[in-house]
Amino acid sequence: MAGKYKEYKSLNFAQIGSEILDFWKKEKIFEKSVTNREGAPSFTFYEGPPSANGTPGIHHVIGRTVKDIFCRFKTLQGYQVKRKGGWDTHGLPVELQVEKQLGITKDDIGKKISIEEYNQKCRETVMMYKDQWDDLTEKMGYWVDLQHPYITYSKEYIESLWWLLKQLYNKKLLYKGYSIQPFSPAAGTGLSSHELNLPGCYKDVKDTSIVAQFNIKKDHKSDFLFKKANADVFILAWTTTPWTLPSNTALVVGEKINYVQVNTFNPYTFKPVSVVLAKDLLGKYFSEKNKGLKLSEYKSGDKAIPYEIVQEFSGKQLIGIKYNQLMPYVQPLYDAEKAFQVVAGDFVTTEDGTGVVHSSPTFGADDFRVAKQHGIPPLTVRDDAGNEIPTVDRKGKFIREVGAKLKEGVAKFGIKTHKLLDVDDFYVKNYTNEDETHHDYKNTDVIISIILKEENKAFKVEKYEHTYPHCWRTDKPVLYYPLDSWFIKTTALKDKMAELNKTINWKPESTGTGRFGNWLENLVDWNLSRSRYWGTPLPIWKTKEGQEEICIGSMDELTNEVQKSIQAGIMKAALPPEFDLHRPYVDDVILVSPSGQPMYREPDLIDVWFDSGAMPYAQWHYPFENKEVFEKNYPADFIAEGVDQTRGWFFTLHAIAVMINECSDEIKAVNLSNGNPGIAFKNVISNGLVLDKNGNKMSKRLGNVVNPFETLSKYGPDLVRWYMMENAPPWDNLKFDYDGIVEVQRRFFGTLQNTYSFFALYANIDGFEKDEMNNVPASNLSLLDRWITSKLQSLIVEVTKAYDEYEPTRAARAIQDFVNDHLSNWYVRLNRKRFWKGEFSVDKKAAYETLYESLMVTAQLMSAIAPFYAEWLYKNLTDNIRQKAIANKTPLRHESVHLTDLVKAESSRIDMELELSMDYAQRICSLVHSIRKNSKIKVRTPLQKILLPVLDKSFADRIKTVEDIILAEVNVKTIQYIDDTSGVLVKKVKPNFPKLGKQYGPKMKEVSAVISSLNKEEIQVLEKQGALSKSGFDLVLEDVLISSEDIPGWAVASEGGLTVALDIRVTDELKKEGIARDFVNRVQNLRKEQGLEVLDKISIEVEKDGEAVTAALTEFSDYISTETQALTLELKDSIADATEVDMDEFVLKVRISVMK
RNA sequence: GGGCUUGUAGCUCAGGUGGUUAGAGCGCUACACUGAUAAUGUAGAGGUCCGUGGUUCGAGUCCACGCAGGCCCA
């Protein structure tokens, strides 16, 4: 014998984890799983790079389990799955961590610390927790190439990024524009969102707020407003920043908000006006107590102003309406015909103001975005150099054109100010430290409101307290201000992106169509610029005046340009070979323009999301190296990350892929040959969050954070992985509960382990050894063997389908149901005797082989989710025949389950009829058990018969094939099939609602009443002739569902259309047999108590006790002897040292002894 | 505020296209079984299917409006 199957007293899943891990490492199984498939079709997976400057958490375990599952399964299916690890190394989090470590701020960079030192520190810090990450990756069994990862800060990676950017640049998809960002005029610098979140930045301040009147132009769209108006019609819009009113170019309403038109009077000029505002905000401006006042009776100057609501309508009706510019000081530079109209925006609320938002595209991010979407121009002018600038300069002061108009207004309306204000004195906030305590001091907002009041353009002016951000350096108010930025023109390919998105298989679908799809529809250009230090530099050089520029797309190109620069006498020396592309070195490179001017690099870095989104190309240093590898692995078949990556990595991958397909002929050719319409990934799973067991977010503050390392080492990786996949689909949030892991262990792994132990125990006793070359022919398999084999084949089909459809939960549950319900609780339980009884026959061999195959295939199917235990199981099943398998080149020659080829389902071995029959058998047994239970008759007492109502012949035929199994399982002698001829069966009918509903609809109640009223004869007619007319309804057989009535006088149970009756009369004969079986049970218990081996033979002595017992033991003595391995069974008058055994109804004295 | 999403037994989850007794596992209780025994079977208790309206002969399922949680974005 080559070797026994290993038997285990107890099982430690964590220990299995570490043992298998050692095996994998020692034998390089992961490496082999990739190299083994050389030449096979490739399945491409892209690893989204984590950042190693934070520690990994439990949520990384679920994300990486999802990734790992499909890579492993595809390998099992025969694909080659290369998976390169990667690290995200740039960006703000790294910078912040360094600043925290060094105790510095951004301001100190270039002063206390050089950019060079700072970036060096970033480079060191970024891999701070790499060891922990690698450790987690390994321990949880996530197979990814950690030896050759891509690193986003590497020179090669950056070169690929530059190449990509240059492709975009060449097609004019990379351009310089502006975006609205927080800006501090006092400090003269932009602020990051992080800086705005510093404590104390948001302060409560009192500002002048204005509800301004925007005068509507009459046209076909606005006509409905003029029909009800008594005067000019105005839309009311509220602002807390009156200084933005001169640059207003649009009004924004909510499409779903309800608005009203009100005829009333202006409270400052007392002129009649007709105003439009949100219905919900009416009460803010019109007092209920003035409701009764008549408009006709109003006299100028009256404090109580009458009003009349003349109509109500939705915001939708206001869209497209034009109005006269409120403060016509400066005209738009372009698209003037689009300016000054009403548009819809999703950010409009009815919490404050008027339900209408005044929009100034140059000074508000929302405003800017909405204006872009609707093609509304900003209000800008050209400066002396010809650049487009907003109406407020970088010092926070109105430009002269506006200043001049304001100065006129001050003079015209005689506004008193603390000093003479000239055209250059109108600062929008007090940035010049004017004396605010001066009694005539008026800030610009106040001056604007006075002018508007005088001009009948202000409906209400009041001080308003709100929180407003301030610059942490200067303590002065921040402005939202247009700042230069480089953009990728994603809007140019917006439709293409949306269209191609439809070719991507999203799990769950809603993330793709909803979250991602909607996001694409509302796409704005991608702001690429970051004013930082540690990141990929923008490869664009410009002359001082900005007339000439160049975008560099490779190291060669840069070297070349530097050479030119040296020749022009600008640069002194060529770049060293190890030249670092980061700041500050790259900033020292000064190139020369065609006209001989020096060109300086644009100081921006690019958004780190571009780094990660470019990984399909940059991970291979494409197109400078590895072209073939890239071509073979583009696009990805599969990616997976958290749902929070939807607008992050998922977007940048998609956006870059779609754009580069348009920009690069090379990529286009690759896509063409790969049949790729231009996407970066075909299938994507976006997994949910991991919450604590109560559904709360994990946080350090709440102290409910689950440590992944502790969890893995306590339960072992497989239990954790299985639990995460089996419990709920990964895209649902997971309520992480240790109890769930314990349950998985007991319910699934425990059962599977028991099944293996059972196999090993008896296989070793019988000396069974798997022989791949010599299997029992199918014709020698028992019914149950064929059944579980069929189930197993069906399982392969089902699990393969689930994995192919990226449904890991369905796969896990199917495997689990197979093992628990079918393999363990039915096949093994019903077959136990076959394994321990008798000689090593063909039938016994068939049983071993069937169970063996079930376990082996289970190991394969589960190996993607629980790779360690599956490996362990596989090795226990196959290690002893490895050498033979290698010699014979049979499937089990592989040392690891992860190197095997998945067994293919054979349809010839699937027997759906049998599966169906067995399903009936299981259900009938359950019903009989339930009757026994209710009648208090234990299973050891045999019963005479089961009555089974038969409604159609095929049902009876099915049951007959599994009759023996049912009878043995529930200890009953026969099944009697009863049909119409028996006279016992009473049929009843029920309406077949789905069918009838379509036909009768509203008459449903009548029909079902008629059907319920059918008597026995009528049912018979319907059944025989297939049709019946009653009460005006023509019924056919398909209109009803026939089932069996309870059988009078019998113990009956029914469930799901299946009815079973049981003869519960216990005859003397049955009673005796029951006693014999009880006796066997007691003897077995004694054997066990006395610690006998399974193979020990015994002799039994029993003290005589009444007729019934004597008769039972005599009559069934052969049976008893066989069951208990007794050589003799003697009835004696008295026995010394006898054990008293309780037989429920009486006590027997028994002695057993071992026979040598 | 917007987009997406979740809400079914004490807990974790199933419940194509609407069809009349809403299921499983765990947990709990009781009984049984016993050559897998730290396993197994059966039964019992446990539900306003988040709420309110609507469509329909019929709604856990479809629609509308809410409520509560989550994510992303403002």
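Quick note on labels: first sequence line is chain A, next is B, and so on, each numbered from 1. Being a predicted model, the structure only gives us computed values, none of them experimental.
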Inset, instruction - Would you check if the side chain of A/Asn727 reaches a backbone N or O of A/Leu734 as a donor-acceptor pair within less than 3.5 Å? - result: no
Inset, instruction - State whether a side-chain donor-acceptor pair under 3.5 Å links A/Asp525 with A/Thr491. - result: yes
Inset, instruction - Sequence neighbours left out, what passes ring-ring contact (aromatic ring centres under 6.0 Å, His included) with A/Trp731? Give chain and number order. - result: none
Legend entry - Side chain A/Thr751 and base B/rA36 donor-acceptor under 3.5 Å: no
Legend entry - Residue whose closest nucleotide on RNA chain B lies nearer the 5' end, A/Arg832 versus A/Arg369: A/Arg832
Inset, instruction - Return the value, rounded to whole Å, for the distance between atom CD of A/Gln922 and atom P of B/rU42. - result: 10 Å
Legend entry - Pairing residues for A/Asp737 by the side-chain hydrogen bond (donor to acceptor under 3.5 Å, both in side chains) criterion, not counting sequence neighbours: none
Legend entry - Spacing of A/Arg834 atom CZ relative to B/rA36 atom C1', expressed in whole Å: 16 Å
Legend entry - Rounded distance in Å between the C1' positions of B/rG70 and B/rA32: 46 Å
Legend entry - For B/rG25, the Watson-Crick or wobble counterpart (both distances under 3.5 Å): B/rC11
Legend entry - Salt-bridge present (A/Arg1082, A/Asp1078; N to O < 4.0 Å): yes
Inset, instruction - Tell me what A/Ser824 touches on the nucleic acid: a base, only sugar-phosphate, or nothing, going by heavy atoms under 4.0 Å. - result: base
Inset, instruction - Mind checking A/Lys697 for me? I need base, sugar-phosphate or nothing, with any heavy atom below 4.0 Å counting as a touch. - result: sugar-phosphate
Legend entry - Contact pattern, 5' to 3', of nucleotides 2-17 of chain B - B, S or - by protein heavy atom under 4.0 Å: SBBS------SSS---
Legend entry - Watson-Crick or G-U counterpart of B/rU42, or none if no pair lies under 3.5 Å: B/rA30
Legend entry - Protein proximity profile, nucleotides 53-61 of chain B - base contact B, sugar-phosphate-only contact S, no contact -, cut-off 4.0 Å on heavy atoms: ----B----
Inset, instruction - Find the partner of B/rG58: check Watson-Crick (N1-N3 plus N6-O4 or O6-N4) and G-U wobble (N1-O2, O6-N3) distances, both under 3.5 Å, and reply none if neither fits. - result: none
Inset, instruction - For the side chain of A/Asn825, starting at C-beta, report the closest nucleotide among B/rU40, B/rA39, B/rU42. - result: B/rU40
Inset, instruction - May I have the distance from A/Asn754 (atom CG) to B/rG41 (atom P), rounded to whole angstrom? - result: 12 Å
Inset, instruction - Using the six-membered ring wherever Trp is involved, compare the ring planes of A/Phe768 and A/Tyr848 and label them parallel, tilted or perpendicular (cut-offs 30° and 60°). - result: parallel
Legend entry - Nearest-nucleotide pick for A/Asp366, side chain only, options being B/rA74, B/rA36, B/rG25: B/rA74
Legend entry - Counter-base of B/rA64, judged by Watson-Crick or G-U geometry with both distances under 3.5 Å: B/rU52
Inset, instruction - Please state how far atom CZ in A/Arg747 lies from atom C1' in B/rA38, giving the value in whole angstrom units. - result: 17 Å
Inset, instruction - Determine the interatomic distance between P on B/rG51 and the same-named atom on B/rA59; round to the nearest Å. - result: 15 Å
Legend entry - Between C1' of B/rG19 and CG of A/Asn992, the distance in whole Å: 9 Å
Inset, instruction - Name the closest nucleotide to the A/Arg829 side chain, picking from B/rU40, B/rU42, B/rC71. - result: B/rU40
Legend entry - Nearest-angstrom distance from the residue atom CZ of A/Phe368 to P of B/rA74: 14 Å
Inset, instruction - Can you tell me the distance, in whole Å, between the CD1 atom of A/Ile931 and the P atom of B/rG44? - result: 13 Å
Inset, instruction - Give me the ring orientation class for A/Tyr762 and A/Phe835: parallel if the planes are under 30° apart, tilted from 30 to 60°, perpendicular past 60°. - result: tilted
Inset, instruction - Applying side-chain hydrogen bond (donor to acceptor under 3.5 Å, both in side chains), name anything that partners A/Ser359, two or more places apart in sequence or on another chain. - result: none
Legend entry - Base paired to B/rC4 (Watson-Crick or G-U; both N/O distances under 3.5 angstrom): B/rG70
Inset, instruction - Could you tell me whether the side chains of A/Arg932 and A/Asn971 share a donor-acceptor contact shorter than 3.5 Å? - result: no
Inset, instruction - Take atom CH2 of A/Trp526 and atom C1' of B/rC73, then tell me their distance rounded to the nearest Å. - result: 17 Å
Inset, instruction - Classify the nucleic acid contact of A/Val643 as base, sugar-phosphate or nothing, counting any heavy atom under 4.0 Å across all strands shown. - result: sugar-phosphate
Inset, instruction - List for me each residue that meets side-chain contact (heavy atoms from CB on, under 4.5 Å) alongside A/Asp366, sequence neighbours excluded, and say none if there are none. - result: A/Phe347, A/Arg369
Inset, instruction - Run the numbers on A/Tyr5 and A/Tyr756 for ring-ring contact (aromatic ring centres under 6.0 Å, His included), then give the verdict. - result: CA-CA 10 Å; A/Tyr5 295 101; A/Tyr756 168 74; 7.2 Å; no
